[in-house]
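So the structure is just underneath, and the comments pick up after that.
Note that these values count all heavy atoms, side chains included, but never hydrogens, waters or copies made by symmetry. Residue numbers begin at 1 in each chain, while the letters A, B, ... track the order of the sequences. Note that this is a predicted model, so its numbers are computed, not measured.
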There are 2 protein chains.
Amino acid sequence: MEKSISRKELISKFHEKGYKVTPQRLKICEFVLSSKDHPTAEEIYHEVIKNNPTISLATVYKTLHLLSDLGLVQELNFAENRSRFDPNISPHINIICPKCGKILDYESKNIKQLWDMIISELKIKPSGQRMDLYVECEKWDKIQS
Amino acid sequence: MEKSISRKELISKFHEKGYKVTPQRLKICEFVLSSKDHPTAEEIYHEVIKNNPTISLATVYKTLHLLSDLGLVQELNFAENRSRFDPNISPHINIICPKCGKILDYESKNIKQLWDMIISELKIKPSGQRMDLYVECEKWDKIQS
DNA sequence: TTTCTTGCAAACACTTTGCATGCGG
DNA sequence: CCGCATGCAAAGTGTTTGCAAGAAA
């Protein structure tokens, strides 16, 4: 839905915060930020190691925290007890299957508008947000996305 | 906000699902279901063991999953990577401090309205929901609750 | 009496950390 | 050349599991 950040922008974000630009970081960021999914650290690791056999899981974790710190991904935790990383940081709904754990991003004008209304009701601008809905994935085809 | 379930109702819910009624389960449920907080398993354990020195952490975990299964609590996972258990299962917002992790429940008419809109838009009634807003707790006093 | 539950300790899974080596600026 | 980043393995943390003993139905 939203264009992911360019490499140039990413690098200048790194510089702003005094982070060094390394090939490992670039590879990991590139993969996560362009993901349409909500990958786990392990999944990211297995993906990036294919073309970069020298990347370690520890570096993946460190880079993900860095991206979190930069506000470029959101760390989402579910009952499965491991973190997933979502590059979609705009207000949206995660539709989650309570049986298999699959996640679908859902966006809608109406919901966004009402959500904004709630936020203005609070008189504070939050630094982030999260909305989850539990719907069995067998019923997902009824949803018009 | 909402009255918590009575002991009698709890016991009949147990019977419905074929779960046995034990003193450990009753103590744990009683504490969790009347909690105004979002306690972790450990916190629940330390609380119930005060009056019931024979309860184990494993039983706390098993009972919490049982309550989850009965739909009486919601398991909430945050970046801290441990589960919290929320007896408030009606649609509400968890206002979370990104610094200290404190959580405040927030309910409002608009939220109920948002909920109704989501259902009509999706054409499906979700089995559960979760809404989080990240707001530093220093600003919480501006929220009218 | 049968079946489920308990408590313990060990096993697990994910994440973080300490440290020597290596690389970016 | 300085200081941060990397990779490895070990440590850490929260949660789950296997099993013998015990309690509920």
Side-chain angles (χ1 to χ4, degrees), chain A residues 7-8 10-32 38-70 73 75-85 101, chain B residues 7 10-29 32 38-70 73-85 101:
Chain A
R7 170 179 290 228
K8 201 180 260 178
L10 182 63
I11 290 176
S12 71
K13 287 235 178 202
F14 274 30
H15 286 155
E16 270 173 41
K17 284 254 185 176
Y19 296 135
K20 290 187 176 171
V21 178
T22 69
Q24 289 93 333
R25 285 181 175 171
L26 286 176
K27 285 284 173 191
I28 295 164
C29 293
E30 194 175 292
F31 175 73
V32 179
H38 307 70
T40 64
E42 202 87 25
E43 285 164 359
I44 294 161
Y45 172 64
H46 283 304
E47 201 52 45
V48 294
I49 210 179
K50 285 181 187 168
N51 304 311
N52 266 59
T54 120
I55 289 179
S56 73
L57 185 55
T59 298
V60 170
Y61 274 107
K62 287 166 191 165
T63 304
L64 288 168
H65 292 153
L66 193 152
L67 280 175
S68 236
D69 183 44
L70 293 175
V73 299
E75 185 174 347
L76 295 177
N77 297 78
F78 302 99
E80 55 180 4
N81 261 334
R82 62 188 156 157
S83 299
R84 293 186 169 273
F85 296 85
Chain B
R7 171 178 289 228
L10 182 63
I11 290 176
S12 71
K13 288 234 177 202
F14 275 31
H15 286 154
E16 270 172 41
K17 284 254 185 176
Y19 296 135
K20 290 186 176 172
V21 178
T22 69
Q24 290 93 332
R25 284 181 175 172
L26 286 177
K27 284 285 173 190
I28 294 164
C29 293
V32 179
H38 307 70
T40 63
E42 201 87 24
E43 284 166 0
I44 294 161
Y45 171 65
H46 283 304
E47 200 52 46
V48 295
I49 210 178
K50 285 181 187 168
N51 305 311
N52 266 60
T54 120
I55 289 180
S56 73
L57 184 55
T59 299
V60 171
Y61 274 107
K62 287 166 190 165
T63 304
L64 288 169
H65 292 153
L66 193 155
L67 280 175
S68 235
D69 183 46
L70 292 174
V73 300
Q74 185 181 17
E75 185 175 347
L76 295 178
N77 297 79
F78 300 99
E80 56 180 4
N81 260 335
R82 62 186 157 160
S83 299
R84 293 185 168 273
F85 297 86

What is the separation between atom OH on B:Y19 and atom P on C:dT3, rounded to the nearest whole Å?
18 Å

So which atom in B:K13 and which in B:L70 form the shortest heavy-atom distance, rounded to 0.1 Å?
O-CD2, 3.9 Å

Using whole Å, what does the distance between atom P of nucleotide C:dC12 and atom CD of A:E42 come to?
16 Å

The test is side chain to side chain contact (heavy atoms under 4.5 Å, CB included); show your working for A:V21 and A:H15 and say whether it passes.
CA-CA 8 Å; A:V21 178; A:H15 286 155; 3.8 Å; yes

Whole angstroms only, please: what is the CD1-C1' distance between A:I28 and D:dA5?
11 Å

Sorted by number, residues from residues 56-64 of chain B placing a heavy atom under 4.0 Å from DNA chain C are B:S56, B:A58, B:T59, B:K62

Rounding to a whole Å, what distance do you find between B:H15:NE2 and D:dA25:C1'?
8 Å

Smallest heavy-atom separation, B:A41 atom then B:V60 atom, equals O-CG1, 3.7 Å

Protein-nucleotide distance (B:I55, atom CD1; C:dT5, atom C1'), rounded to Å:
13 Å

Mind running side chain to side chain contact (heavy atoms under 4.5 Å, CB included) on B:E75 and B:L64 for me, showing each step along the way?
CA-CA 9 Å; B:E75 185 175 347; B:L64 288 169; over 6 Å; no

Taking for B:Y45 and for B:K20 the nucleotide of DNA chain C with the nearest heavy atom, the one nearer the 5' end belongs to B:K20

Find the distance B:I44:CD1 to D:dG14:P and express it as a whole number of Å.
14 Å

Euclidean distance, atom CG of residue A:N52 to atom P of C:dC23 [Å, nearest integer]
14 Å

How long is the line joining CD of A:E16 and P of C:dG25, in whole Å?
15 Å

For the residue pair A:K20 and A:F14, what are the closest heavy atoms and their distance?
O-CD2, 3.6 Å

Side-chain N or O of B:R25 less than 4.0 angstrom from OP1 or OP2 on C:dT6?
yes

Using a cut-off of strictly less than 4.0 Å, decide whether B:T22 has a side-chain nitrogen or oxygen near OP1 or OP2 of C:dT6.
yes

On DNA chain D, nearest-nucleotide positions of B:T40 versus B:V21: which is more 5'?
B:T40

Audit row: A:K50, A:H46, side chain to side chain contact (heavy atoms under 4.5 Å, CB included) steps and yes/no
CA-CA 7 Å; A:K50 285 181 187 168; A:H46 283 304; over 6 Å; no

Note: B:V73 and B:F85 closest approach over all heavy atoms is CG2-CD2, 4.3 Å

Which residues in residues 74-85 of chain B have a heavy atom closer than 4.0 Å to any atom of DNA chain D?
B:N81, B:R82, B:S83

What's the shortest heavy-atom distance between B:C29 and B:T63, and which atoms?
SG-CG2, 3.8 Å

Of the non-hydrogen atoms in A:E43 and A:R84, which two are nearest, and what is the gap between them?
OE1-NH1, 3.7 Å

For B:P23 and A:Q24, find the nucleotide of DNA chain D closest to each by heavy atoms; which residue's nucleotide sits nearer the 5' end?
A:Q24

Does B:H65 place a side-chain N or O at less than 4.0 Å from the phosphate oxygens OP1/OP2 of D:dT16?
yes

